[in-house]
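Please read the structure below before turning to the comments.
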Amino acid sequence: MERSAASLYLCSTPIGNLDDITLRALDVLRDVDWIAAEDTRHSRTLLRRYDISTPLTSLHEHNERTKSPQLIERLLAGESGAVVSDAGTPMLSDPGFELVRAALEAGVNVVPIPGASALLAALVASGLPPYPFYFGGFLPRKRGELRARLESLRSLQATLIFYEVPHRLRTTLALAASLFPDRDAAVARELTKLHEEYTRGPVHEVSDHFARVEPRGECVFLIAGASDDVARGEVNDAQIEAALKGAMEAGKSKKEAIKDVASFLNIERKRVYRISINLSAKG
């Protein structure tokens, strides 16, 4: 491979199945002077598989700011380098942004090497509209911040995509079910690996499934975007009733559910209260 001096390559790597590496990525990883890896132990497994002996250096969230100037100096001295994350495309919820920004400011040539991406793999097989979409990375850990983030996206007319870890998936799904009970959703689990699995359906059904089945492996969580009527605040009584049911099934008191649904759907609280009375009458 013919390379340019002072080039930084952003190499996508497999998200599970090691056969998903591209030929171009292999050429780059063999030819550069060094590889900056999120976890050198993890990346070494891939390099051994393809008999690549390029030196590795660590670049992760805790050292990126201090390490980047050192790597920029090496690039400006004529070396070439590659950035890899543990899996997928660098910088998508992984380190690399600080280094890339510094490289561009220093006049270094930055070259993407496309390849595997968990969010795109999950999106195209989810059954949800592939565009427009919104990628939110990992959601906040604190419940209040998580609720605020999801509520802030309630009127967005785009498929919502998030990464989530198994031990937080149930909490995220339960909260999403209280906010978007009947929107279509999907959870993609263990993509490209032996136990790859999709769970699809309305958010409340997906939440119920994982309340019974312990989630395992890395997950991508997708939710359908707002329909035209929700985006405009034009909702019918059935939608309000479904949202109330979802909120109360998620543990909210009737008063809390009314407040949350009114805020979520951008409608008057007294309308939600009236429907809650009818809901109580139904038993």
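Computation of the quantities below employed the complete heavy-atom set of this structure, encompassing side-chain atoms and omitting hydrogens, waters and symmetry-equivalent molecules.
- Shown here for H42 and D86, the closest heavy-atom pair between the two residues is NE2-O, 2.8 Å.
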Output, in order, the C-alpha distance, side-chain angles, deciding distance and verdict of side-chain contact (heavy atoms from CB on, under 4.5 Å) for L153 and I223.
CA-CA 11 Å; L153 300 170; I223 315 173; over 6 Å; no
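- Each of V28, T13, V83 was evaluated against I113; a single residue qualifies, V28, per the side chain to side chain contact (heavy atoms under 4.5 Å, CB included) test.
- Between the OG atom in S276 and the CZ atom in R269 there is a gap of 11.5 Å [rounded to 0.5 Å].
- Closest approach of L8 and A103 over heavy atoms only: CD2-CB, 4.0 Å.
- The existence of a salt bridge linking D237 and R271 is confirmed by a sub-4.0 Å separation between a basic side-chain nitrogen and an acidic carboxylate oxygen.
- Residue-environment remark: NZ (K259) stays at or below the threshold of 12 foreign heavy atoms within 6.0 Å.
- At a threshold of 4.5 Å between non-hydrogen side-chain atoms, the residues R44 and L56 count as touching.
- Atom CG of L150 sits about 5.0 Å away from atom CZ of F180, to the nearest 0.5 Å.
- L139 places a side-chain heavy atom less than 4.5 Å from the side chain of R149.
- A188 approaches A122 most closely through the heavy-atom pair CB-CB, 3.8 Å.
- With H204 contributing its side chain and P181 its backbone, the two residues share a donor-acceptor pair below 3.5 Å.
- Remark: the backbone N or O of S80 is paired with a side-chain donor or acceptor of D33 at under 3.5 angstrom.
- A continuous path of Ile, Leu, Val, Met, Phe, Trp and Tyr side chains, each step under 4.5 Å between heavy atoms, connects I240 with I277, placing both in one hydrophobic cluster.
- Distance CG/L59 to CD1/I35: 12.5 Å, rounded to 0.5 Å.
- For the residue pair T89 and S117, the shortest heavy atom distance occurs at OG1-CB, 3.9 Å.
- Side-chain contact between R147 and S178 is present, with at least one heavy-atom pair separated by less than 4.5 Å.
- By the criterion of side-chain heavy atoms lying less than 4.5 angstrom apart, applied directly or through intervening Ile, Leu, Val, Met, Phe, Trp or Tyr residues, V220 is not grouped with L173; the two fall into different hydrophobic clusters.
- Note: the hydrophobic cluster containing L146 also contains V261 (ILVMFWY, side chain heavy atoms under 4.5 Å, direct or indirect links).
- Side chain of T54 to backbone of L29: a donor-acceptor contact under 3.5 angstrom is found.
- Across all their heavy atoms, Y163 and A118 have their closest contact at OH-CB, 3.8 Å.
- Atom CD of E205 sits about 9.5 Å away from atom CG of D184, to the nearest 0.5 Å.
- Annotation: the span from I21 atom CD1 to C11 atom SG amounts to 7.0 Å, rounded to 0.5 Å.
- In this structure a side-chain-to-backbone donor-acceptor pair under 3.5 Å is present from E64 to G96.
- One finds the OH atom of Y198 at 4.5 Å from the CG atom of L191 (value rounded to the nearest 0.5 Å).
- Side-chain atoms of T22 and S12, non-hydrogen and from C-beta on, never get closer than 4.5 Å to each other.
- Placement of L169 and V165 in two distinct hydrophobic clusters is found when ILVMFWY residues are connected by side-chain heavy-atom separations under 4.5 Å, directly or transitively.
- Side chain of R183 to backbone of A224: a donor-acceptor contact under 3.5 angstrom is found.
- Side-chain atoms of T40 and T57, non-hydrogen and from C-beta on, never get closer than 4.5 Å to each other.
- Between R24 and P114, some side-chain heavy-atom pair lies under the 4.5 Å cut-off.
- Cluster membership for F138 and M91, using ILVMFWY side-chain heavy atoms within less than 4.5 angstrom, is not shared.
- Heavy atoms from other residues, nucleotides or ligands lying under 6.0 Å from CZ of F135 number more than 12.
- Within the 4.5 Å cutoff, side-chain heavy atoms of R170 are placed close to those of P215.
- Remark: the backbone N or O of A257 is not paired with any side-chain donor or acceptor of D260 at under 3.5 angstrom.
- The number of heavy atoms from other shown groups lying within 6.0 Å of CG (D51) does not exceed 12.
- Annotation: R49, atom CZ; neighbour count of heavy atoms from other residues, nucleotides and ligands within 6.0 Å is above 12.
- In this structure, a donor-acceptor pair under 3.5 Å is absent between the side chains of E98 and S68.
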Run the numbers on W34 and L71 for side-chain contact (heavy atoms from CB on, under 4.5 Å), then give the verdict.
CA-CA 9 Å; W34 45 263; L71 297 178; 4.0 Å; yes
side-chain contact (heavy atoms from CB on, under 4.5 Å) for Y9 and V84? Distances and angles first, verdict last.
CA-CA 9 Å; Y9 296 91; V84 298; over 6 Å; no
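- The shortest non-hydrogen separation linking S43 to S85 is OG-O, 4.4 Å.
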Using the side-chain contact (heavy atoms from CB on, under 4.5 Å) rule, take F162 and T172 through it: C-alpha gap first, then chi angles, then the decisive distance, then the call.
CA-CA 10 Å; F162 308 100; T172 298; over 6 Å; no
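- Using a 4.5 Å cut-off on side-chain heavy atoms (C-beta onward), K142 and P140 make no contact.
- Counting only distance, with no hydrogens or angles, the side chain of E190 and the backbone of R216 share no donor-acceptor pair below 3.5 Å.
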